[in-house]
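Read through the structure below, which is laid out as structure tokens, and then see the notes.
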Amino acid sequence: MLEEIAPTLLEKHKPKEKRLPPLPYAEPGKVVTRLPPEPSGYMHIGHAMSGILNYMYAKMYDGKLWLRFEDTNPRKVKLEYYENFRKGYKWFGIEWDYEKCNSEDLDLYYEYANELIRRGLAYVCSCSREEMSRGRFMMTECAHRQQPVEVNVSLWKDMLSGALKEGTAVLRLKGDMTSKNTVMRDPALFRIIEHPHPIVGDKYRVWPTYDIAAAIEDAICGVTHVLRSSEFALRDELQNYIRSLLGLQNPVFVEYSRFEFKGTPLAKREIRRLIEQGIVSRWDDPRLATVDGIKRRGLLPEAIKEFTISQTGLTYTKRVYAWELLYAINRRMLDPITKRYFLVPDPILVEVEGAPELHVELPYHPSEPLGKRSVHTGNKFYIPRKDVQGLKEGDVLRLKHLYNISIREVTKDSVKATFVSRDVLEGVPIVQWVTEDYVKVKVLVPDVLYQENGQLNPDSLKTIHAFGEKACTEIKCGERVQFERFGFCIRDDANVLDFIFIHA
RNA sequence: GCUCCGGUAGUAUAGACCGGUCAAGUAUACCGGCCUUUCGAGCCGGUGACCCGGGUUCAAAUCCCGGCCGGAGCACCA
């Protein structure tokens with residue numbers, strides 16, 4: 001009907017579908033993207049958002065997605081982190097088609113290394129780190145660059161056999177020492193690391209650096225589009241160059257600036273420091289933007305997904321997101337699915353004269369069929385202290401879903417009131433309440449760790465002690481609820497009634 | 001310091017490649033109203049931005065130059 005009369009009006013009110021901008025040079029059915037985590041720390045929201053982008057694009061073009069662990073530095077990589085990433089991606093609903101670890105492919109990397117050496121495109125360099133760095137800076141070649149191929153072949157064997165020790169030699173690419181792009185100035189391709197690897201153990205001692213490993217892997221995995229943050233932008237030229245030497249195909253690069261959130265550290269080192277200093281408890285502290293942290297915090301993976309698609313752009317512009325943008329989406333998603341409960345912070349006793357004894361059924365949601373709980377009421381209640389502050393004798397208040405009371409007297413520790421009527425009165429303030437049959441509830445209220453000025457926020461985690469209605473004990477650990485006139489919270493503990501505040 | 005990259009409302013973005021339809025769209029925040037037995041959600045309306053200065057052009061948010069500000073890289077980390 002409306003379609004016929006005013007199709008444009010209908011169109012206007014239809015919620016716009018949030019879409020990702022098209023991927024350059026993408027052909028349906030042929031796109032391959034990848035998730036390339038380094039399993040050297042816990043997954044955080046930045047990894048997640050990047051992962052969502054790679055996943056959404058693969059899906060959008062009916063393509064494929066790789067999960068590929070970039071684990072070529074045995075000194076940094078730890079087994080527990082592999083699983084942390086897998087679990088994290090799954091939590092966000094990211095499904096991948098293939099999975100591998102770069103550490104599986106060392107023999108393959110060696111074959112390519114041999115080829116580069118034999119063709120005179122790479123050389124073993126025994127300069128110290130300082131010499132190498134200076135040469136790069138000065139754009140000067142070192143003597144090793146001119147070594148005959150046979151010498152390089154033999155030194156490479158010494159690297160592999162253990163005749164050369166860690167730190168004494170690396171395999172370098174013959175790049176361009178005068179390039180404006182510093183990464184092109186004969187970068188290290190392989191180095192010796194005498195440290196067991198969590199997956200392949202002591203089998204190898206010569207490990208590829210990021211650029212050669214990524215260059216080869218992206219090609220042999222058939223990756224068509226590399227979506228990554230802009231700190232890698234300078235590597236495009238190098239990785240493409242390596243692939244051109246090896247006869248491998250280049251992907252399309254789409255780069256964007258890092259995802260950051262206001263007042264929230266994401267760098268592994270910084271988070272580790274905060275834990276060591278006891279400023280935050282663990283990696284899953286609700287103030288942290290690790291996946292474990294935001295999960296405990298009660299944020300929905302779908303909200304982060306929508307946020308990534310709708311509020312994010314593939315731009316180089318430096319941006320720092322305000323948490324409020326994410327909360328708004330989270331709140332909208334939570335609203336129809338969370339049960340409402342009464343929680344009374346800073347409670348004050350209210351004695352109601354003439355109170356009828358009642359058995360009432362209170363709905364768990366104002367509009368959704370989420371069920372009811374029944375409550376027995378007498379003449380004693382607790383309500384938030386701030387709701388009686390400033391009230392005078394004769395002021396009327398409504399206990400939500402119950403009845404109206406008239407204030408007789410407010411003292412420091414209690415309120416005396418009189419029953420008025422059960423019907424809803426226009427313009428009467430409505431408050432939540434609990435009976436004497438309350439349960440004690442603790443709510444942790446997380447805030448940003450850093451203030452605007454860069455200083456630590458002294459109130460980054462507040463604790464609120466409150467009285468909850470009896471039914472709070474039915475809330476399951478991990479369940480999200482809305483405490484009316486207080487905010488959305490998630491139960492954090494299966495045994496005690498500890499909650500974490502999500503947002504208002 | 002050097003090399004690259006970027007600067008649209010308080011915040012995040014669309015538009016910029018292919019200059020006019022952009023007296024700049026959207027989300028969020030804020031303000032006002034409606035609805036509601038929550039200060040939640042929803043609905044309606046409103047305030048609010050093209051970093052600065054030159055240049056090219058009939059016409060510049062969009063192209064060019066300079067300045068200012070911001071970011072990234074300059075590892076045997078990824």
Side-chain angles (χ1 to χ4, degrees), chain A residues 13 16 18 21 24 36-41 69-73 75-77 102 125 127-129 132-133 136-137 139 166-172 179-185 187-193 206-211 213-214 228-235 237 255 257-258 260 262 268 306-307 310-329 331-336 338 340-342 362-363 365-368 384 386-387 398-404 422-426 428-432 482-488 503-504:
Chain A
H13 288 277
K16 256 185 222 151
K18 306 279 169 29
E38 183 194 21
S40 64
F69 288 102
E70 310 244 280
D71 57 348
T72 53
N73 187 339
R75 239 178 249 289
K76 291 179 70 180
V77 172
N102 286 0
C125 178
C127 287
S128 67
R129 281 169 195 257
M132 207 181 286
S133 164
R136 282 236 179 77
F137 184 74
M139 301 187 183
E166 178 167 350
T168 61
V170 297
L171 183 72
R172 282 229 257 175
S179 172
K180 277 185 171 181
N181 184 350
T182 48
V183 309
M184 294 301 291
R185 323 232 263 238
L189 261 24
F190 288 85
R191 76 293 207 196
I192 302 163
I193 299 177
V206 174
W207 289 89
T209 57
Y210 166 70
D211 288 296
R228 58 168 39 151
S229 51
S230 56
E231 69 254 39
F232 298 100
L234 262 16
R235 332 296 308 193
E237 187 186 355
E255 277 137 356
S257 87
R258 253 185 149 117
E260 285 181 52
K262 206 168 158 192
K268 272 173 277 207
E306 187 180 320
F307 176 78
S310 64
Q311 298 297 317
T312 273
L314 269 25
T315 31
Y316 273 109
T317 321
K318 150 91 177 171
R319 57 330 198 11
V320 180
Y321 298 110
W323 283 104
E324 286 66 30
L325 293 171
L326 216 192
Y327 293 163
I329 297 171
R331 183 181 300 120
R332 204 188 314 120
M333 288 181 168
L334 241 30
D335 194 80
T338 50
R340 313 289 136 132
Y341 287 86
F342 287 163
L362 310 181
H365 195 281
S367 55
E368 302 296 321
K386 72 169 201 269
D387 288 314
R398 181 174 180 81
L399 302 180
K400 186 167 182 182
H401 293 309
L402 202 61
Y403 48 65
N404 311 303
R422 291 188 69 170
D423 54 320
V424 179
L425 301 174
E426 197 87 7
V428 169
I430 295 163
V431 299
Q432 79 276 31
Q482 190 207 53
F483 288 129
E484 294 201 40
R485 304 208 313 137
F486 182 82
F488 291 89
H503 45 60

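None of the values given here were measured: they were computed from a predicted structure. These values consider heavy atoms only, across backbone and side chains, with no hydrogens, waters or symmetry-generated copies.
Taking atom NE2 of residue His401(A) and atom C1' of nucleotide rG40(B), one finds them 13 Å apart after rounding to whole Å.
The side chain of Tyr321(A) contributes an N or O atom lying less than 4.0 Å from OP1 or OP2 of rU13(B). Listed pair Ser40(A) / rA78(B) fails the phosphate criterion, with no side-chain N or O lying under 4.0 Å from OP1 or OP2.
For Lys386(A), there are no side chain to side chain donor-acceptor pair (under 3.5 Å) partners two or more places apart in sequence or in a different chain. For Glu255(A), the side chain to side chain donor-acceptor pair (under 3.5 Å) partners at least two apart in sequence or on another chain are Arg228(A), Tyr316(A). Every residue meeting the salt bridge (charged side-chain N to carboxylate O under 4.0 Å, His left out) condition with Glu38(A), not counting sequence neighbours, appears here in chain and number order: Lys76(A), Lys268(A). Legend: residues meeting side chain to side chain contact (heavy atoms under 4.5 Å, CB included) with Leu325(A), ordered by chain and number and at least two apart, are Phe307(A), Gln311(A). Judged as a salt bridge (charged side-chain N to carboxylate O under 4.0 Å, His left out), and not counting sequence neighbours, Arg422(A) has no contacts. In this structure, Thr209(A) has no side chain to side chain donor-acceptor pair (under 3.5 Å) partners at least two apart in sequence or on a different chain. The salt bridge (charged side-chain N to carboxylate O under 4.0 Å, His left out) test applied to Arg235(A) returns Asp211(A), not counting sequence neighbours.
Nucleotides rC2(B) and rG67(B), compared at atom P, are 12 Å apart to the nearest Å. For rG54(B) and rG45(B), the P atoms lie 40 Å apart once the distance is rounded to whole Å. Nucleotides rA14(B) and rC51(B), compared at atom P, are 15 Å apart to the nearest Å. Nucleotides rA61(B) and rG46(B) place their P atoms 24 Å apart, quoted to the nearest Å. Distance check on atom C1': rA16(B) versus rC50(B) gives 11 Å, rounded to whole Å. Taking atom C1' in both rG6(B) and rC44(B), the straight-line distance is 38 Å, to the nearest Å. rG42(B) and rG48(B) have their C1' atoms separated by 24 Å, with the value rounded to a whole Å. Using atom P as the reference point in both rA72(B) and rU56(B), the two lie 37 Å apart (nearest Å).
Under the 3.5 Å distance criterion, the side-chain polar atoms of Ser133(A) are left unmatched by any main-chain donor or acceptor of Arg129(A). At least one donor-acceptor pair under 3.5 Å links the side chain of His365(A) to the backbone N or O of Asp335(A). Between the side chain of Asn404(A) and the main chain of Val424(A), no donor-acceptor pair closer than 3.5 Å is present.
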Exercise for review: For the pair Trp207(A) and Arg75(A), evaluate side-chain contact (heavy atoms from CB on, under 4.5 Å) and give the outcome as yes or no after the intermediate values.
Suggested key: CA-CA 11 Å; Trp207(A) 289 89; Arg75(A) 239 178 249 289; over 6 Å; no

Check your understanding: Which parts of nucleotides 68-73 of chain B does protein reach within less than 4.0 Å, heavy atoms only, written one letter per nucleotide 5' to 3' as B for base, S for sugar-phosphate only and - for none?
Key -> --SSSS

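Place Pro36(A) and Pro336(A) on RNA chain B by their nearest nucleotides, and Pro336(A) ends up nearer the 5' end. Of the residues near RNA chain B, Leu402(A) and Met132(A), the one whose nearest nucleotide (by heavy atom distance) lies more toward the 5' end is Leu402(A).
Residue-level contact check: Thr72(A) touches the backbone only, with heavy atoms under 4.0 Å from sugar-phosphate atoms and none from bases.
The side chain of Tyr210(A) approaches rA78(B) more closely than any other nucleotide in the set rA75(B), rU3(B), rA78(B). Side-chain proximity of Lys76(A) to the nucleotides rU37(B), rC77(B), rC76(B) is greatest for rC77(B). Listed candidates were rA75(B), rC77(B), rU37(B). Nearest to the side chain of Arg191(A) is rC77(B).
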Grab the N/O contacts between the protein and nucleotides 14-19 of chain B below 3.5 Å, and write none if there aren't any.
none

Atom pairs under 3.5 Å: protein N/O with N/O of nucleotides 49-52 of chain B:
none

Enumerate all atom pairs, one protein N or O and one N or O from nucleotides 28-34 of chain B, separated by less than 3.5 Å.
none

Revision key, fill the gap. With both pairing distances under 3.5 angstrom for Watson-Crick or G-U wobble, and | for a partner in another strand, the correct string for RNA chain B is (((((((..((((......[....)))).(((((.......)))))....(((((..]....))))))))))))....

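The closest side-chain donor-acceptor pair between Arg319(A) and Ser257(A) falls under 3.5 angstrom.
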